[in-house]
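Starting from 1, each residue takes its place in the sequence as its number.
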Amino acid sequence: MALPRPDPEKGRRIVGAVIYSLLMFGGFVALIFFFLVMPLMSDDPGGEYLSMGIGALCALPMLFLYIWIPRLIDRYDPEPWWALALVLAWGAIAACGVACTINTGVEVGAAAIGGKDFAEVAGACISAPIVEEGMKGLAVLGVFYFLRREFDGVVDGVIYATFAALGFAATENIIYYANAVKADPQGGALAMTFLVRGVLAPWGHPLYTSMTGIGFGIARETNRTWLKWMAPIGGYCCAMFLHCVWNTASTISGFLFVLMLPLWILFVLAFIGILIWLVVRKGRIIRAHLQDEVLLGTITREEFNLVTSPFGGLRATFGWGGSAGRRFVRAATRLGLSKWHAGRAMRGNKKTVSADWILPLRQELGELRMAVARSMGRAVPMPQAWQAVPQGQRPMQQQQQQPQQQYPGYGQGSGGGYPPQGWGGPR
């Protein structure tokens, strides 16, 4: 039986769950007020509810379409669905509810001071970038601090930021679409709003918040203390700047907005290209830190090729044990990333729980291989530790051992420590 993975951060996660629940409740109450209570105070509650229903029908299907795009890009170590669901819900409920409350308060105060036009500028160009990016960024901060085991670097920061922003944008789009329906019952305003927000520029919020995600990703990867603090702050400032530029162009001049739109689309495409490069880099990191596991007898060469394939999880689903194969791929990638984190921590003379995960993960791979064999109904190849053969001596043919004969010594070739003997650190 594999050793349990160390869990020194359990208390931290409990605190995070309490904070998450409280803020989610606050956001939920705010959305209930804006979506259900305020329409009752209008002259036409039925019309208000109908317009919001149409807005939801336009916004939610696009959300379910768009959430698959970052999921497909993050091929090598996809984030768990439960964690993505948490940040998606945070963006849709907590972030949007709190931001709506604060932005509305700012607009009411600005209107009392400088009138309607000043309130529109204050709300869209000042309050929205600061508050909305702050609330969405809290989702990334929460995973970074409270769910650290699920946060490995820049790619993870971007993925979590994207899901939080997509959730936020979906709820916000319901409001925009509903307002368009009320402004033009014939549907022309709704069609134009859907074209801009749902088709031409749906990645605005994900792009802004990804800057914050990049900042936290850099903080996760670096050993420099000052950069751990400055990178998230710098990312948040970039997110606010991009958000402010877009909102200002939309608010002050419609012509300026039309001029910026194609440039914005090119910027988004360039960012997606950079994200793909970061994902490929992550795959290379996993590959580099699993190569010696083949020599140690932790995984076979075929398993190594499966795990480091961009479609390893898909291949395991349909050709190597189904769910057991997917868990094997997940544990193997976690092993590679844990060794990467441990190597960086050692170079910086720091401590990380990732180093304590290495031996349990090696043993877990052995158990998962047996689960794969049971699922497939046949034996699977067993890994063999590399052994040097003296010059001039022919290697002896080794008979393949049965799983129950090999696992008692599983992972002992490395001495149970980190780094394993003969391993020179990250390549």
Has the side chain of [X] got a donor or acceptor atom that lies under 3.5 Å from a matching backbone atom of [Y]?
X	Y	value
Arg315	Pro310	no
Thr222	Ile218	no
Thr317	Gly313	yes
Tyr66	Gly198	yes
Tyr49	Leu36	yes
Arg330	Pro78	yes
Lys182	Glu48	no

**OP:** Among Lys282, Glu221, Arg220, find the residue that satisfies the side-chain contact (heavy atoms from CB on, under 4.5 Å) test when tested with Val154.
**Re:**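 The residue from Lys282, Glu221, Arg220 that satisfies side-chain contact (heavy atoms from CB on, under 4.5 Å) with Val154 turns out to be Glu221.
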Below 4.5 Å, heavy atoms only, C-beta onward: do [X] and [Y] meet side chain to side chain?
X	Y	answer
Phe216	Asp156	no
Thr171	Leu31	yes
Leu63	Leu88	yes
Pro383	Thr298	no
Asn305	Arg287	yes
Ile175	Cys100	yes
Tyr177	Leu57	no
Leu86	Trp90	no

**OP:** Taking only Lys NZ, Arg NE, NH1 and NH2, and the carboxylate oxygens of Asp or Glu, determine whether Arg362 and Glu293 approach each other closer than 4.0 Å.
**Re:**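 Looking at Arg362 and Glu293, the cut-off is met.
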Which heavy-atom pair separates [X] from [Y] by the least distance, and what is that distance?
X	Y	result
Pro70	Ile159	O-CD1, 3.6 Å
Arg369	Pro381	CD-O, 3.8 Å
Ser210	Thr162	OG-OG1, 3.5 Å
Ile358	Ala342	CD1-CB, 4.3 Å

Got a second to check how far [X]'s [atom1] is from [Y]'s [atom2], nearest 0.5 Å?
X	Y	atom1	atom2	value
Ile54	Phe194	CD1	CZ	13.5 Å
Ile93	Leu23	CD1	CG	12.0 Å
Thr333	Ile285	OG1	CD1	12.5 Å
Leu335	Leu361	CG	CG	5.5 Å
Ile73	Ile276	CD1	CD1	5.0 Å
Arg13	Glu150	CZ	CD	9.0 Å

Original post:
Does NZ or CZ of Arg12 fall inside the cone over Tyr145's six-membered ring, less than 6.0 Å from its centre and within 45° of the axis?
Top reply: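 Because its charged atom sits under 6.0 Å from the ring centre and within 45° of the axis, Arg12 does stack over Tyr145.
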Subject >> Within 45° cone of Phe304 ring axis and under 6.0 Å: Arg301 NZ or CZ >> reply: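 Because its charged atom sits under 6.0 Å from the ring centre and within 45° of the axis, Arg301 does stack over Phe304.
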Original post:
Centres of the Trp203 and Phe271 rings: under 6.0 Å?
Top reply: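 Not close enough - the centres of the two rings lie 6.0 Å or further apart.
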Original post:
For atom CH2 of Trp68, is the number of surrounding heavy atoms from other residues, nucleotides or ligands below 6.0 Å larger than 12?
Top reply: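 Result for CH2/Trp68: open.
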**OP:** Applying side chain to side chain contact (heavy atoms under 4.5 Å, CB included), name anything that partners Leu295, two or more places apart in sequence or on another chain.
**Re:**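 For Leu295 the side chain to side chain contact (heavy atoms under 4.5 Å, CB included) partners, ignoring immediate neighbours, are Trp386.
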**OP:** Under the ring pair (Phe, Tyr, Trp, His ring centres under 6.0 Å) rule, what do Tyr208 and Trp246 come out as? Steps first, then yes or no, please.
**Re:** CA-CA 10 Å; Tyr208 315 145; Trp246 177 266; 7.4 Å; no
Show which side-chain atoms of residues 126-144 pair as donor or acceptor with protein atoms under 3.5 Å away, not counting sequence neighbours.
from, atom 1, to, atom 2, distance (Å)
Ser127, OG, Asn103, OD1, 2.5
Glu132, OE1, His243, NE2, 3.4
Glu132, OE2, Asn103, ND2, 3.1
Glu133, OE1, Thr209, OG1, 3.1
Glu133, OE2, Lys136, NZ, 2.7
Glu133, OE2, His243, ND1, 2.8
Lys136, NZ, His205, ND1, 2.7
Lys136, NZ, Thr209, OG1, 3.0

Subject >> side-chain hydrogen bond (donor to acceptor under 3.5 Å, both in side chains) partners for Asp152, two or more places apart >> reply: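 side-chain hydrogen bond (donor to acceptor under 3.5 Å, both in side chains) list for Asp152, sorted by chain: Arg334, His341.
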